[in-house]
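Some notes on the structure that comes next.
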Amino acid sequence: MLRLEDLEVRVADTLLLGPISLELRENQVTCLIGPSGCGKTSVIKWMAGILPPEMKASGTLTLDGTPVERHDRFLSYQPQSDALFPWLTIGENVCLGLEVAGMSRGEAWAKAAPLFEPFGLKGTEHLFPRQLSGGMRQRAAFLRTIVQDSRYILLDEPFSALDAVTKIRMQEWLVSRLEADPRGVLMVTHDLHEASRIADRLLVMSSRPGRIMADLPINLPRGQRSETALADLREHLKTLLLEDET
Amino acid sequence: MLRLEDLEVRVADTLLLGPISLELRENQVTCLIGPSGCGKTSVIKWMAGILPPEMKASGTLTLDGTPVERHDRFLSYQPQSDALFPWLTIGENVCLGLEVAGMSRGEAWAKAAPLFEPFGLKGTEHLFPRQLSGGMRQRAAFLRTIVQDSRYILLDEPFSALDAVTKIRMQEWLVSRLEADPRGVLMVTHDLHEASRIADRLLVMSSRPGRIMADLPINLPRGQRSETALADLREHLKTLLLEDET
Amino acid sequence: QDKPEEAKDLQKVSVALDWMLNTNHVGIIVARDKGFYAENGLDVEVLPYSDTNSAALLASGSTEFGYVATLAYLSARASSPDLTALWVTMQHETGRLVYNSDNEAIKRPADLSGKTYAGFGSNWEKALISTMIRTDGGEPVWDTVTLNTGAYEALAVGRVDFTLEVATWEGVNGELLGRKQSWFNYADYGVPDQQNGYIATTTKMLNEQPDTVKAFMQATLKGYEFAADNPAEAAEIMLAAGDFPNPELVRGSLKLISEGKFLRDGDTPVGKIDPARFAGMVKFLAENEVLKDKDGNVLKDPGDVSSWYNEDWRKE
Amino acid sequence: MLLRSNALAILVMLALLLLWEAYCRMSGVTPLVLPAPSDVLRSLYLNAHEISGHALATIGVAALGFSMSVTFAFLTSIALHFTPTLERAFIPVFVVSQTIPLVALAPLMILWFGFGVLPKMLLVILVTFFPILLSLLSGYRQAPRDFLDLMASMGAGRLQRFRRVTLPSARPAFFAGLRISATYAIVATIFAEYAGARSGIGIYILQAKNNFRADLVLSAVVVSAVLTLALLGFLRLIEWWTDPETRRRRHAPA
Amino acid sequence: MLLRSNALAILVMLALLLLWEAYCRMSGVTPLVLPAPSDVLRSLYLNAHEISGHALATIGVAALGFSMSVTFAFLTSIALHFTPTLERAFIPVFVVSQTIPLVALAPLMILWFGFGVLPKMLLVILVTFFPILLSLLSGYRQAPRDFLDLMASMGAGRLQRFRRVTLPSARPAFFAGLRISATYAIVATIFAEYAGARSGIGIYILQAKNNFRADLVLSAVVVSAVLTLALLGFLRLIEWWTDPETRRRRHAPA
Ligand SMILES: Nc1ncnc2c1ncn2[C@@H]1O[C@H](COP(=O)(O)OP(=O)(O)OP(=O)(O)O)[C@@H](O)[C@H]1O
Ligand SMILES: Nc1ncnc2c1ncn2[C@@H]1O[C@H](COP(=O)(O)OP(=O)(O)OP(=O)(O)O)[C@@H](O)[C@H]1O
Ligand SMILES: [Mg+2]
Ligand SMILES: [Mg+2]
């Protein structure tokens, strides 16, 4: 279990967010939802160890009770854009994290290659990102994240750039991928429909300075999450979010 | 009533969309929904008379039975971005359409000024667009569209750049504005939740080449459109959209 | 400078110079500023120096008169009959080959063989230097670096072994700076003696407006005669006419010009062209394949060159 | 403010000058070859009157040439913008024009166009025209499609779209190009004068050189640098002054 | 392809040449002042051997100077990129360096550094270094924040981030700057030679001028233009050849 305690982020004495505490369980999808600017990205960047230097943070991160030193060993971060390098092929993009971690290109490729098929990316290995559709790019980005074998995965609005139809498809796809290969996931989004469709647990942040104002488990199995079944939860979320920001 | 008949758009002999026929009633909000690339923007641009020259279109547009010559006389178009000119103040941006139509700056300002209050833009007249939040910018863009007094209004994904919470707020705001000052609206979106919340009538387009595959009136008054009340319609839309694109 | 009242009645003509304003041009400046031109009904504009050759400026019709360096004039005249010389300023060669006195390796022109020469990019330099070395019994091979006016500093700091200078300008400057330099005169080593610094006009001008040419040249003559007789006063007129950051250079130069009898030598009229030396120089250049005809081919035999100059303006 | 933001750079330059000064004093190199900065400054001070006369001439030609260049570039950019065929026909010609060595051209220009301002102006235009033109054209291309569409949907014609959208969009690119060109305007003028002129910094340099005064040559270099920096500062001022936000702040009632 | 895309421009240039030729024939202007294009071409042909000797010298110096310039610009850009203080300290110094008139500096450089390759190389570097440096630095700034964050989250250090993200991001800007600089590399070399050299196009121009051969001056201009265009073409080739997509297409198994 990954515990984050008493995180506070400031820029030049202004409190941007916090104090926030939260925990991620292994094999569980947690969605962090909140209005724009509340600090969702900042939370995730701090966890990934890449908060920009002008933002001062205090707080602790513990993994199964022991304080964390090197974040990159057990956490994989996927930024808000798909961040596929346009000058690398999809194959090279996917191997990036493994190579940075010290593998040779050959080893990395041996590890990544078998995953192209289940990710629906067969045949794209030698293509460049611009030759792929939005959904495929998002899958490639996710493959690059997954292949690093981290126990925890941080996703920052992975689907916000997709159109509604593709978004729904990708949400379903992500759910099925995680069922095949479960990880502890923290996914940031501001889309309450998306969050309610994917999450095992919902954390709702208040507007700036962001705090966690609700922690809602969703026990309904994902197969049964029809629009009707989720309607009440969504109404509740909407009320929460709209009330907060006044 | 504005009728569009047998619109077909081609680029170099490839059929991009059509044949499409549709009609807009005065004081009614029609939402055009469909997957990315199906041709929603092309339909709206053709109606506004600004289809790029490389796209060849055939079809007729009639207003209350008479063919249309100058689109700008009775149609106002609002592009996908808010398209507020950064070098003009909000006041100047809002007066733009009136000045292009031939009014002097003074006349235009006299007409626009009283509307800043009801649009919640009081005090922003001398500010520049970058000094406004996303929601306020969208309101200013809408004010610029409305102030032209056109009978029909074409909106291309007006809220797609907003975060979910602001989006919900703006949807509610738009609905109340249109109640105070009704127009014939054609609004393009790919967000089925948004469409079902706003529209009097829903047109669902198929993927490329786009055709209209469903025409769904929504008779429920907007005040009663809770998540629960819309759940069935949304499920239906989702099925339609997901089935189409395979 | 200060023009008389009746300036508007004066005929406007211009004269282009071959280089920055210097003491070679003294007569023109004196004639202008002491009003000799105005007395002859002319308003003379001295065109500013330009990187463009004054012979080319003449040929293009940009100016009526030009002060043209010897080589420039002979080369231009060989390829275009449009120009005619009216005058030559210096009665003796002012050019010479200089080297540093402390350069032990150079005692005589033959020693120049294999040395480095700072040049100016004209064809005649090669003819000149090889003739001098050959006459002195050396092998005419050396290394040329084209440096333009940078040549003198390059020589002073020892980056090159020798170059060519004008005794009445760079030579004076070297002396003012206390540079220890020695020189060989061209004429001592097989190069025909020559006069320096032509004033020329277009043949067309000469034919169509002989009176203007006469008026201009007679005033010019008066200017140079004045300078020859009053070098100190002429120096002050020069200094008043242009920006000379180094006034001593001008004064020294004019003193040398006067003392060296460069302008007035015995009873030869000032500015007189000597037909024998003129023809001799053309012959020397033709033999050394320096001259080109109007098609760009080497002019081997210039034939009779007496039409290359015309001093009819001297006639009363 | 300008001073503060460049404080470091000024320190570096001072350090370089000190090094140079030290080298001159220690090595005893003759000032004919390498004058010390102090010599240069002293000469500059002693000859300030004369140099400023020449500087004025240079400023005049540069200002005239540069403003002509901007005007032509602007007119050309409009012509090329509205007729893409012209653009395809002429841009390569302009590129080729940039490959001509000025050393070869300058003397010929004097021959063709005389000693007046014309040949100098033409040289300044030759050097500065193309960067401005290119930056204007690339600026025009930055006009957002949506803005143009919006104007067209309001019934605006080509000219109105150009004036109200394309032109304001090109503002930042235009000033960027202007700054690049301005950096070379003074230098080009000096070069043109060098080829033939009555007065100007170029002539002053030539005189100084022919009179064997390296200190004065370097004084002229200092003046040239100062002039260029002044021109750049002046452009900054214009840019600031014509900025819509500045303008609005001046006129806004509030 | 190159020919087709520039067909219009070539037509325009031919038309200009024809006009010029016609003017020369009709007006009977002396070739001393304005030689006709046909004269220029004939002279170029007749003197091809001599000119090509000089051209080779120029190419040598330009190639050396330009590649030094690129190397220095690259090393400097890395230093400045990693230490923003240095950037603030040195960029204004480089800007000032661009305001120095070469006409004044070139003869002094020859005096200071002799007439070997060094002063010429330094002049070429002075002219071409800064645009390349600026384009590299602005290219580095185009590295997307997200890409750098991603690398950092994977545990990549500064160097690896630079090599894998910043550098590839700067590629287009780098080549754009290279093209601008290359346009001036040959011209700058010629200029440097003009101030003093053993051989080179600059010397050839000087000789042609001193021997009243406007036709040869213009022949040299033609050669200079051709050399510059060749250099630009060569850079295009390198750009295409080092493009990741080209490289992949060469190596890809499929
Ligand atoms: N470098 C910075 N300096 C100052 N404030 C910053 C900086 N970066 C971000 N902020 C502020 O910190 C707050 C949190 O930003 P963050 O990006 O974490 O929000 P977010 O919830 O991810 O928003 P969004 O939904 O728009 O992505 C915002 O109000 C933002 O304006
Ligand atoms: N200039 C063009 N040339 C060729 N094809 C084009 C051009 N412009 C658009 N298209 C194609 O036309 C189709 C319709 O485009 P359009 O922008 O109308 O779609 P859309 O439904 O608005 O999509 P989105 O939801 O992404 O905005 C798309 O498939 C697009 O690729
Ligand atoms: Mg965020
Ligand atoms: Mg669209």
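Numbers restart at 1 for each chain; the letters A, B, ... are given by sequence-line order, proteins then strands.
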May I ask you to check whether over 12 heavy atoms, not counting those of [X], lie within 6.0 Å of atom [atom1]?
X        : atom1 : value
C:Glu175 : CD    : no
C:Lys115 : NZ    : yes
E:Phe90  : CZ    : no
E:Phe94  : CZ    : yes

Review point. Heavy-atom distance under 4.5 Å to chain C: side chain of E:Tyr204, backbone, both or neither?
Key: neither
Review point. Heavy-atom distance under 4.5 Å to chain C: side chain of E:Ile203, backbone, both or neither?
Key: side chain
**Study point:** Toward chain E, the part of C:Ser62 with a non-hydrogen atom under 4.5 Å
**Key:** neither
Check your understanding: With a 4.5 angstrom heavy-atom cut-off, which part of C:Leu57 approaches chain E: side chain, backbone, both or neither?
Key -> neither
Review point. In terms of heavy-atom pairs under 4.5 Å with chain C, which of E:Gly196, E:Ala106, E:Ser199 leads?
Key: E:Gly196
Point to revise | Nearest non-hydrogen partners of E:Arg198 and C:Thr144, listed with the distance | key: CG-O, 3.5 Å
**Study point:** Choice from C:Thr146, C:Val160, C:Val157 maximising heavy atom contacts with chain E below 4.5 Å
**Key:** C:Thr146
Point to revise | Contact leader toward chain E among C:Ala56, C:Ala69, C:Ala72, where contacts are heavy-atom pairs under 4.5 Å | key: C:Ala72
Practice item. Measure the spacing between CD1 of E:Ile110 and CZ of C:Arg159 and express it to the nearest 0.5 Å. Key: 9.5 Å
